[in-house]
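Computed from heavy atoms alone, side chains included, the values below leave out hydrogens, waters and symmetry copies. Everything numeric in this text was worked out from a predicted model, so none of it was measured.
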Amino acid sequence: MQNRQALFKISNLKQWFPLKKKGLYVKANDGIDLTIYQGETLGLVGESGCGKSTLGRTLLQLYKQTDGRTMYYGRRLVDVAPDYILKTVNNLDKLKRQATELADELAKTQENYDALPELEQFKEADRLHTLRRKANAAYLDIVTIIGGLIVSDDTNRIRSLFTELYKHADRRHELELKLRVCNVDLQDAEYRMEKGSAKSKAAVQKYQEKIKEIEAEIANVEENIAASSKKIQAMKEEYKDAPGFEVAEAQLDHGIDLARLTYNEMRHLRVDMQLIFQDPYSSLDSRMTVGQIIGEGMLAHKFFKKNDDRMKSHVLKIMEDCGLAPYFLHRYPHQFSGGQRQRIGIARALALDPKFIVCDEAVSALDVSIQSQIINLLQELKDEKNLTYLFITHDLSVVKYISDRIAVMYLGVIVELADSQDMFKQPLHPYTEALLSAIPSAEEEAARELVVLEGDIPSPVNAPPGCKFHTRCRYATEVCKHVVPEFREVLPNHFVACHHPLNNAEDEAAKRFAAAGLDDKLEGEDKVNDPLREAVEAEVTQLEHEVERVKIEQEGQNPDV
């Protein structure tokens with residue numbers, strides 16, 4: 001999978017929603033690292049309330065993410081020319097100073113961390129990890145745009161070169177938007193001319209000439225962009241032997257950080273990214289016909305000038321692809337079943353010819369027979385149009401069938417990520433083990449153990465320390481209660497965030513914990529240094545005895561016997 005081209009690279013994505021009480025947040029997504037490859041279907045599973053739908057909507061920037069990077073590679077950075085390029089180069093001195101201060105703080109913290117005993121290191125690991133992420137983000141905000149030139153102190157020259165490049169790129173982006181509108185106008189005039197309108201012939205000639213002018217200007221701007229890029233490359237040649245240049249130049253990234261885009265910039269990219277909603281009933285406007293629902297996005301993004309016969313023909317083609325009869329065009333949502341409504345939602349998502357679709361439990365509200373139809377339809381459309389899906393669901397049997405890879409989420413974090421077959425064959429996280437054991441089966445097979453998760457999912461406002469799953473994990477040890485597990489590759493293409501991965505006795509991290517005897521040390525330290533916990537435990541024990549005494553008295557027995 002690593003050899004395939006990435007469409008999204010997500011790092012440290014956080015989506016926190018503030019509560020009325022100052023300082024409190026619902027941490028729906030709390031530091032997610034994930035890569036989505038072009039042409040794949042990535043399944044996302046987990047309990048209700050774990051943050052799956054929030055991740056899908058944040059990925060599309062329907063929610064403005066709190067922190068982290070969401071790099072999109074469906075278009076080049078220079079093609080979109082976002083404002084954050086200019087902001088970065090205009091504030092280069094300040095950003096470099098902040099990045100240097102964070103790097104110095106990290107180095108000092110790392111030095112202090114290395115001097116600590118192993119027990120203290122595990123307690124401070126999470127704070128060090130957070131600081132490392134913060135310093136890395138500050139560094140990447142600069143080098144993803146200017147690359148190895150971060151080693152240069154001539155910021156005025158860097159600012160001048162990149163401002164020149166930005167202005168040319170921004171002009172090209174503006175011209176391309178105009179060209180798209182002119183093409184729509186030309187197609188509209190040609191259609192009217194075919195229908196016998198005499199005035200339309202002059203309009204066709206007018207738009208053809210205008211398109212030629214815009215294309216000529218775009219070609220001129222392309223030459224200017226190439227010239228500006230050569231100047232930047234010439235400056236890089238001067239610093240290619242400087243310390244740190246190659247490392248920084250390797251971080252140069254032509255992708256687009258969606259988290260840094262303005263509203264209007266993101267709106268232009270909406271044609272690339274669409275969403276199929278979970279509820280096929282409330283997600284369709286009851287006052288609009290099927291044709292209006294499917295065509296609304298095409299009018300908003302100026303794919304067509306107006307809702308005429310030409311647009312109607314395109315809508316009918318999309319309806320046919322999604323298994324909807326042509327005579328549905330003028331009907332309203334209340335006249336359809338759940339499966340038909342979901343097909344309308346799929347047709348609406350496909351209307352803009354996107355590259356990526358978030359399927360937010362697109363089949364969970366449907367009957368099993370209808371589910372299979374919708375899943376097969378999604379598979380066919382994916383193969384035909386080379387789509388990429390993020391498929392969010394609770395149904396593991398469905399996700400096994402449709403997904404190339406599966407990510408398991410728990411309380412706002414990804415705890416396991418692997419190929420679909422590997423996930424079912426050899427789960428490494430206890431939470432995944434519990435999910436898989438709950439899948440009902442009609443096959444006559446050997447009895448398997450049902451792993452019951454006791455208790456409810458903890459509050460995302462005040463998540464437990466250490467591993468977030470340790471409060472419900474039957475394998476949890478003292479290490480799990482204190483140390484946040486690293487999300488690491490334990491097997492080839494199989495990632496897990498667990499101190500003691502299942503079915504993998506050779507894992508080095510688990511060996512290290514056992515060899516260091518950290519469980520015993522942490523447990524012993526808690527008993528010595530936490531008298532409050534002892535008092536609470538004693539009070540709970542006393543209350544349990546009182547409850548038992550009351551039960552015995554109610555049964556008419558002597559509680560002292």
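Residue Lys64 qualifies as enclosed at atom NZ: its count of foreign heavy atoms under 6.0 Å is above 12. By the 6.0 Å contact criterion, CG on Asn462 is open, its count of non-hydrogen atoms from other residues, nucleotides or ligands being 12 or less. Applying the 6.0 Å contact sphere to NZ of Lys382 captures more than 12 heavy atoms from other residues, nucleotides or ligands.
Evaluation of the salt bridge (charged side-chain N to carboxylate O under 4.0 Å, His left out) rule for Lys9 yields no partner, not counting sequence neighbours. Scanning for ring-ring contact (aromatic ring centres under 6.0 Å, His included) contacts around Phe356 gives Phe8, with sequence neighbours left out. For Phe424, there are no ring-ring contact (aromatic ring centres under 6.0 Å, His included) partners, not counting sequence neighbours. Listed by chain and number, the residues in a side chain to side chain contact (heavy atoms under 4.5 Å, CB included) with Pro18 are Tyr25 (sequence neighbours excluded). Remark: His268 pairs with His173 by the ring-ring contact (aromatic ring centres under 6.0 Å, His included) rule, at least two apart or across chains. For Arg69, the side chain to side chain contact (heavy atoms under 4.5 Å, CB included) partners at least two apart in sequence or on another chain are Ser11, Met71, Leu140, Asp141, Thr144, Asp257. In this structure, the side chain to side chain contact (heavy atoms under 4.5 Å, CB included) partners of Gln340, at least two apart in sequence or on a different chain, are Phe328, Phe336, Ser337. When the side chain to side chain contact (heavy atoms under 4.5 Å, CB included) test is applied to Val413, the partners found at least two apart in sequence or on another chain are Asp30, Val415, Lys468.
Nearest heavy atom pair, residue Leu428 against residue Glu416, reads N-OE2, 2.9 Å. Taking every heavy atom of both residues into account, Ser420 and Ile406 meet most closely at OG-CD1, 3.7 Å.
In this structure, CD1 in Ile36 is found 12.0 Å from CG in Asp404, a value given to the nearest 0.5 Å.
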Query raised in the report: Which is it for Ser53 and Asp360 under the side chain to side chain donor-acceptor pair (under 3.5 Å) test, yes or no, and what are the steps along the way?
Result: CA-CA 6 Å; Ser53 295; Asp360 186 8; 2.8 Å; yes
Query raised in the report: After noting the C-alpha distance and the side-chain angles of Ser286 and His334, does the key distance pass the side chain to side chain donor-acceptor pair (under 3.5 Å) rule?
Result: CA-CA 7 Å; Ser286 61; His334 72 272; over 6 Å; no
Report task. Go through the steps to decide whether Gln61 and Tyr72 satisfy the test side chain to side chain donor-acceptor pair (under 3.5 Å), and finish with yes or no. Result -> CA-CA 12 Å; Gln61 300 304 308; Tyr72 172 64; over 6 Å; no
Requested in this report: Apply the test side chain to side chain donor-acceptor pair (under 3.5 Å) to residues Lys355 and Thr388: give CA-CA distance (whole Å), side-chain angles for both, the deciding distance (0.1 Å), then the verdict.
Outcome: CA-CA 6 Å; Lys355 299 177 182 178; Thr388 303; over 6 Å; no
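Pairs engaging residues 341-350 under the salt bridge (charged side-chain N to carboxylate O under 4.0 Å, His left out) rule: none recorded [sequence neighbours left out]. Applying the salt bridge (charged side-chain N to carboxylate O under 4.0 Å, His left out) definition to pairs two or more places apart or across chains, those involving residues 47-59 are Glu47-Arg472. Here salt bridge (charged side-chain N to carboxylate O under 4.0 Å, His left out) pairs that include residues 265-285, with residues two or more places apart or in two chains, are Arg75-Asp272, Asp285-Arg287.
At a threshold of 4.0 Å, the pair Glu40-Arg405 counts as salt-bridged, since one of the basic side-chain nitrogens sits closer than that to a carboxylate oxygen.
A donor-acceptor contact closer than 3.5 angstrom is absent between the side chains of His494 and Glu489.
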Can you list, pair by pair, the side-chain donor-acceptor contacts under 3.5 Å of residues 95-110, counting residues two or more places apart and other chains?
| from | atom 1 | to | atom 2 | distance (Å) |
| --- | --- | --- | --- | --- |
| Lys96 | NZ | Ile150 | O | 3.1 |
| Lys96 | NZ | Ser152 | O | 2.7 |
| Thr100 | OG1 | Lys96 | O | 2.8 |
| Thr109 | OG1 | Glu105 | O | 2.8 |
| Gln110 | OE1 | Arg132 | NH2 | 2.9 |
| Gln110 | NE2 | Asp114 | OD1 | 3.0 |

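In this structure the side chain of Thr35 never reaches within 4.5 angstrom of the side chain of Ile10, judged on heavy atoms. The side-chain heavy atoms of Val45 and Thr432, taken from C-beta on, include no pair separated by under 4.5 Å.
Remark: aromatic rings of His429 and Phe469 are close, center separation under 6.0 Å.
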